[in-house]
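Here the structure is laid out as structure tokens; the discussion comes afterwards.
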Amino acid sequence: MARELPKVYEPQQVESQIYDMWQKGGYFHAEADESKKPFTIVMPPPNVTGQLHMGHAMDATLQDTLIRFKRMQGYNALWIPGVDHAGIATQIKVEEELRKEGLTRYDLGREKFLERVWDWKQKYGNRIVEQQKKLGASCDWDRARFTMDEGCSRAVREVFVSLYEKGLIYKGSRIINWCPHCVTALSDAEVEYVDKPGHLWHIRYPLADGTGEVVVATTRPETMLGDTGVCVNPNDERYKDIVGKKVILPLVNKEIPVVADDYAEMEFGTGCVKMTPAHDPNDFEVGLRHNLEVIRVLDDKGVMNDFGGKYQGMDRYDARKAIVADLEEQGYLVKVEDYSHNVGTCYRCHRDVEPIISAQWFVKMQPLAKEAIRVVKEGETKFVPERFSKTYMNWMENVRDWCISRQLWWGHQIPAWTCADCGHITVSREDATVCEKCGSHNIQREEDVLDTWFSSALWPFETLGWPEKTKDFNYFYPTDVLVTGYDIIFFWVARMIFSGCEHTGKTPFHTVLIHGLVRDNLGRKMSKSLGNGIDPLEMIDKYGCDALRMNMVTSNSPGNDMRFFVERCEAMRNFANKLWNASRYVMMNLSEDSKNELPALSSLEIADKWVLSKLNTLIAEVTENMDRYELGVAVQKIYDFIWDTYCDWYIELTKARLYSEDAGRKQTALQVLTYVLDQILRLLHPFMPFITEEIWQSLPHEGEALIVAKWPEACQDLAFKAEESLMESVMDAIRAIRNRRSEMNVPPSKKAALYVLTAKPQVFQEGEGFIQRLAYADSVTLLDKEPENLDGMVTCATADAKLYIPMGQLVDVAKELERIAKELDKARKNLASLEGKLSNEKFTSRAPENVVADIRDKAAKARDLIASLEGSEAAMKKLG
RNA sequence: GGACGAUUAGCUCAGCUGGCUAGAGCAUCCGCUUGACGUGCGGAAGGUCAUAGGUUCGAGUCCUAUAUCGUCCACCA
């Protein structure tokens, strides 16, 4: 089979071919199969408007790694992909396109506009999917879904109607967050609060009876036109007398009442608050309690309406300026203070949001939150890391009703029809043609569509055929793990949980794996405006998908943000190349009839047992880490094993045998090399799917593809603890000698004899070849006592051996003495600390036995080491 | 105002249930045509694990304060 492979791994050549091979093999596809256990992940659907960014790369890498791991473990692994219609985002994109043609959506009308959006979706909707494939995502593309497709629409309709029937959806006039730019209502979660510098204007409101005045303070003077009262605290002595009186609203010249309500804080400002029930949630509440009039002065675009008097038609900011100017001119303005405060902004367009009273549709949250709280509290759904369950709980326990109607066209239109004759609202699973109450045909469908997150909330079950009781739904639902960033816990995770509980009776997943944000190298958020985004596709082009994935998953722990360093991609590219070359080396030595199987245990040599035993431990640990979602820890162990244990040591340890004439020994080495490489590839595959598959296909193997090969399992027969430790003794010696030679600048070409005094002579005898090859010894001689003449002798001591190397004139006595003194000092300190522990009776009696034994062992070795160093020191001194 | 996170080598970060003589990558320094790999090999230097207490035989790891930075939630006009 001896194959010639290029010296450098070229991912660009390999990745697309491998991906095609997987797709053709149907390995991504899963069917309900009662003989296998399912493992299901639903992908957070990216926006149709989306371009792949690092967040997607992170998300997809984690999910793909998990799904590949489970697939190899024999689960019926299903990863459902899909795309979100992303109401506002998409509509804005298409409207921008229209604007280039000088058109607005109103010019086209709803129907034609929606046609345009669908065209747009056909055209660009697949782009992000193709990009995900570049990441190696092993999704079941046959099941790809879109949140506006027929099935999702049916699910949305069913949910809306059933919630309405249960009284959990209602329409009402409330203060909601309104974005005048996007011209739609928003939910609480869609408002981002930003600290902005502003002003606090103090305004004089004269008492109607002419007996005085009150001064109110406001950050939004333009809303005063909608003032319908002034509020003071009932306990405020200052204002006791004026409660119930009227004040005159400046500019408007209207009388409004003074009311007493706990809402007004005596300590803040003057203790008087102006009440604008139509434009402030708190004022609205106070207004309800005191029967204040509700006057809305801003229209949907943030322009003063016909209640605005002379300011009508002015934009909210222009109106503010004009009103302040007039107040000042007319002597109502008392003072202006600089005042920094939190302003709500739209999470889409980042412009200021206006609290506005408006008739909207809401989901009643209290009853739904109850179960959603229970499933997390009782651990039916667990967050990883655990701390996010607290974030979740806090939100869920204080959640307010969810405003779900949006004044957009792109989205699921609300299935409600209002009767023009009797005013009744008909909500129906089928499109209504008559009023269910009075039978009138004069009914009009609600114009609004639903919040995008309303359909996303159903994602874990609508993608499996719900509300139909399908085979898929019964088999794959509830799903297993949900992977997403902490930034959408409220938007999405929380809503999926209460929706799943309410509509399917089950929490939609048992684990929520939370990851952080990918930031730039300075720790800033990647953003278009900063232009600091790094394109994952560019990284893939340059370093390979596997390198990018490794970058995402290493040195990163769940829930924490990470900084992105291109250098890390480079490092991981180098790692891929390292693995490639190690494999190339193994393959060069394989023959046509080579098989991948372990040789008879009796033929194994110490190095073989050492590597197999280490591998065995690795398998156990990595599997455990994976089960705990500690992917970063798992992959670090695999990385270290491959580079250190396998490449730097095992391959080197087997070279003598591989080039020897002894066919049997050579064969054993080669078989172990191949076996371990195969196991490594399996362990690494979930993280670096492409290179591992490519190499595996070139190795002797059974089965079609690595992607469906069996995940390794630890096995007692391959745990050789005794041999492992013996081998380490020899390796320690090799390291010590290299170290000493390097300090003395002796090149490898310069060989030297080695004398060894050890209590484990057998393994040093057996390991003579290793020492010769890796520590540049030209002979190894075992001693039974210290050599008499240490003239020109370099010494070093390991835990198990004393080593003597005749170096002649190369030895610098003074330098050696210095070195020995330094080591002695370190060793003595070490021993002192160990002995301190052992002489502590509390330690020996309370610490577990194995720990005490371990310390005893270490102390004994430390004593040996010190004795040996002292010997060397004395000898050196004699010379000097 | 409340909650949470971070603070470990020059830089960026790991370190899971307390046993560590504290690790990695990058950067630095020294040496190497060692029959897979210079995208490499061997070696070195670099840390009182933010500070102060406490629990424990033992603390980077657990507890309590403090400081600095950051995130989220709520919000007084």
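So that the names make sense, note that chain A is the first sequence line, chain B the second, and so on, each numbered from 1.
- Between A/D561 atom CG and B/rC13 atom P there is a gap of 10 Å when expressed in whole angstrom units.
- No N or O donor and acceptor, one from the side chain of A/K390 and one from the base of B/rC4, sit under 3.5 Å apart.
- Taking the P atoms as reference points, B/rA9 lies 8 Å from B/rU48, given to the whole Å.
- Using a 4.0 Å heavy-atom criterion, one finds that A/N625 contacts the bases of the nucleic acid, with or without backbone contacts as well.
- Within the 4.0 angstrom heavy-atom criterion, only backbone atoms of the sugar-phosphate kind lie near A/Y639; the bases stay farther away.
- Separation of the C1' atoms belonging to B/rG46 and B/rU51 is 23 Å when rounded to the nearest angstrom.
- Among the protein residues, A/F575 comes within range of no part of the nucleic acid, since none of its heavy atoms lies under 4.0 Å from any strand.
- Residue order along RNA chain B, read from the 5' end via each residue's closest nucleotide, puts A/V851 first among A/V851 and A/K655.
- Regarding A/Y486, its OH atom lies at a distance of 9 Å from the C1' atom of B/rG70, rounded to whole Å.
- We find the CG-NZ distance between A/D227 and A/K274 to be 3.5 Å, quoted to the nearest 0.5 Å.
- Between A/Y639 and A/F575, the ring center distance clears the sub-6.0 Å criterion.
- By the criterion of a centre-to-centre distance under 5.5 Å and near-parallel planes under 30°, the ring of A/F268 forms no stack with the base of B/rA77.
- Distances were taken from every side-chain heavy atom of A/T219 (C-beta onward) to each of B/rU34, B/rA77, B/rC41; the shortest belongs to B/rA77.
- Counting distance only, with no hydrogens placed and no angle test, the side-chain atoms of A/K637 and the base atoms of B/rA24 include no donor-acceptor pair under 3.5 Å.
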Output the pairing pattern of RNA chain B as a dot-bracket string, 5' first, Watson-Crick or G-U wobble with both distances under 3.5 Å, | for cross-strand pairs, [ ] for crossing pairs. (((((((..((((.....[...)))).(((((.......))))).....(((((..]....))))))))))))....

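- For B/rG58, neither phosphate oxygen OP1 nor OP2 lies less than 4.0 angstrom from any side-chain nitrogen or oxygen of A/K837.
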B/S/- along nucleotides 59-64 of chain B (protein heavy atoms under 4.0 Å) is ------

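- Counting any heavy atom pair closer than 4.0 Å across all strands shown, A/Q636 reaches sugar-phosphate atoms only and no base atom.
- The only option from A/Y486, A/Y629, A/Y392 that meets the ring-ring contact (aromatic ring centres under 6.0 Å, His included) definition with A/F383 turns out to be A/Y392.
- Counting any heavy atom pair closer than 4.0 Å across all strands shown, A/R573 reaches a base atom.
- Taking atom C1' on both nucleotides, B/rG47 is separated from B/rU12 by 16 Å, rounded to a whole Å.
- Checked against a 6.0 Å centroid threshold, the rings of A/F491 and A/Y347 count as neighbours.
- Listed by first and then second residue, the salt bridge (charged side-chain N to carboxylate O under 4.0 Å, His left out) pairs that reach into residues 192-202 of chain A are A/K196-A/D352, sequence neighbours excluded.
- Residue-to-nucleotide contacts include a donor-acceptor pair under 3.5 Å from the side chain of A/E652 to the base of B/rA36.
- Contacts of A/I651 with the nucleic acid, taken as non-hydrogen atoms under 4.0 Å apart, include base atoms.
- A residue-by-residue look at A/H341 and A/S557 shows that A/S557 has its nearest nucleotide of RNA chain B further toward the 5' end.
- Nearest to the side-chain atoms of A/V273 among the listed nucleotides B/rA77, B/rG43, B/rC41 stands B/rA77.
- A donor-acceptor contact under 3.5 Å is formed by the side chain of A/R628 with the base of B/rC16.
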